[in-house]
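Working notes, structure below.
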Amino acid sequence: MTGGLKDGETDEGFLHSQFIRKQGNIYKPNNKEMDNDSMSGMKTMQDVHTKEIDLVNRDPKYLNDDVVKVEFEDVIAEPPGTYSFDGVWKASFTTFTVTKYWCYRLLTALVGIPLALVWGIFFAILSFIHIWAVVPCVKSYLIEIHCVSRVYSICIHTFCDPLFEAMGKCFSSVRISTTKGV
C-alpha cells in the first residue's frame, strides 16, 4: 500500500505517516545511504530541526518590512538652502551607516543567542499550555455546553413555543391602518 505513494500523497491506512529525515543521520547530514537503504519506499518528511536556513533572505515572511528599515535619509535630512559641507555630509552618512551596522552586529552577538533561548522557552511553554490546557478546556466546555443547550432548547420548546403561538393566533386578526392627516 505504501509502495505506490508519490510525493505529497498520504497513506490512508495509517493515522500518522512514518517520519523519516530527508538528510539521513542527524549527525551526518549528507549521509544519503541511511535514508535510501534502511527506509526505502516510505514517505519522507522535512525535519524542521535540521532544515537549512537561508542566509541571504533572512526575513522570508516580511515580518520587519515596515518597522526596522531605517536609513540615513529617514533620520537626517537637510532642506534646500541649509546644506553642510559635502565632506561633512559624506562623513556623517558613513558614520551613521557603519555605526548602525556594527552596533547591530555586536548586540546580536552578545544578546541574540540568549534572547533566542528565552523566546524558544517562551514559545515552547505557550505551545505546551495551548496543547495540554487550553484546547482540552475549550473542548470540555463545548461538550458541557452542548448538554446545557439541549436542556435549554427543551425548556424553550415546552414553555415558550405554545405561549407565543397562542399570542400569535390571538393577534393575527388585528389589523392596523395608518392615515396621514394633512
Side-chain angles (χ1 to χ4, degrees), residues 5-12 15-36 39 42-146 149 178 180 182:
L5 291 178
K6 296 178 183 173
D7 286 337
E9 293 181 352
T10 59
D11 191 354
E12 301 298 328
L15 182 60
H16 299 288
S17 60
Q18 293 289 333
F19 180 78
I20 304 164
R21 285 189 175 86
K22 280 186 177 180
Q23 294 88 359
N25 189 343
I26 190 171
Y27 301 108
K28 298 176 187 174
N30 295 326
N31 186 359
K32 297 286 185 180
E33 293 175 12
M34 179 185 164
D35 188 32
N36 294 334
M39 306 288 186
M42 295 185 149
K43 182 181 176 186
T44 59
M45 295 172 56
Q46 181 78 24
D47 182 8
V48 295
H49 303 296
T50 59
K51 71 177 185 177
E52 292 184 26
I53 59 171
D54 187 3
L55 294 176
V56 177
N57 183 12
R58 296 187 184 189
D59 191 8
K61 295 183 181 179
Y62 306 106
L63 296 176
N64 298 312
D65 209 24
D66 297 329
V67 182
V68 190
K69 289 185 177 180
V70 179
E71 299 297 329
F72 180 75
E73 297 83 14
D74 298 330
V75 178
I76 300 172
E78 292 181 331
T82 53
Y83 288 160
S84 61
F85 295 112
D86 290 343
V88 171
W89 186 252
K90 288 178 186 177
S92 298
F93 173 79
T94 305
T95 304
F96 176 87
T97 306
V98 170
T99 303
K100 185 181 96 168
Y101 177 79
W102 282 106
C103 282
Y104 177 78
R105 286 201 142 189
L106 180 66
L107 285 171
T108 55
L110 295 175
V111 185
I113 293 175
L115 279 178
L117 177 70
V118 168
W119 286 115
I121 291 170
F122 174 78
F123 282 110
I125 291 169
L126 190 66
S127 298
F128 176 81
I129 290 171
H130 183 76
I131 291 168
W132 292 99
V134 174
V135 172
C137 285
V138 169
K139 198 64 156 173
S140 171
Y141 172 76
L142 291 175
I143 291 170
E144 292 165 7
I145 203 70
H146 183 69
S149 72
T178 59
K180 188 175 182 182
V182 181

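Please read all numbers here as calculations on a predicted model, not as lab measurements.
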Q: Take I125 and I129 through the test side-chain contact (heavy atoms from CB on, under 4.5 Å) and record every step on the way to the result.
A: CA-CA 6 Å; I125 291 169; I129 290 171; 3.7 Å; yes

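- In this structure, the separation between CZ on F72 and CG on D74 is 10.5 Å, given to the nearest 0.5 Å.
- Nearest heavy-atom pair across E78 and S84 is OE2-OG, 2.9 Å.
- Atom CD1 of I121 sits about 13.5 Å away from atom CG of L126, to the nearest 0.5 Å.
- A side-chain donor-acceptor contact under 3.5 Å links T97 to the backbone of F93.
- Closest non-hydrogen pair, T99 versus T95, comes out as OG1-O, 2.6 Å.
- Ring geometry, W119 versus F122: the interplanar angle exceeds 60°, so the pair is classed perpendicular (tilted spans 30 to 60°).
- The backbone N or O of Y104 lies less than 3.5 Å from a partner atom in the side chain of T108, making a donor-acceptor pair.
- To the nearest 0.5 Å, atoms CG (L110) and CG (L115) are separated by 11.0 Å.
- A distance of 11.0 Å separates CG in L142 from SG in C137, rounded to the nearest 0.5 Å.
- Taking every heavy atom of both residues into account, E71 and F96 meet most closely at C-CE2, 3.8 Å.
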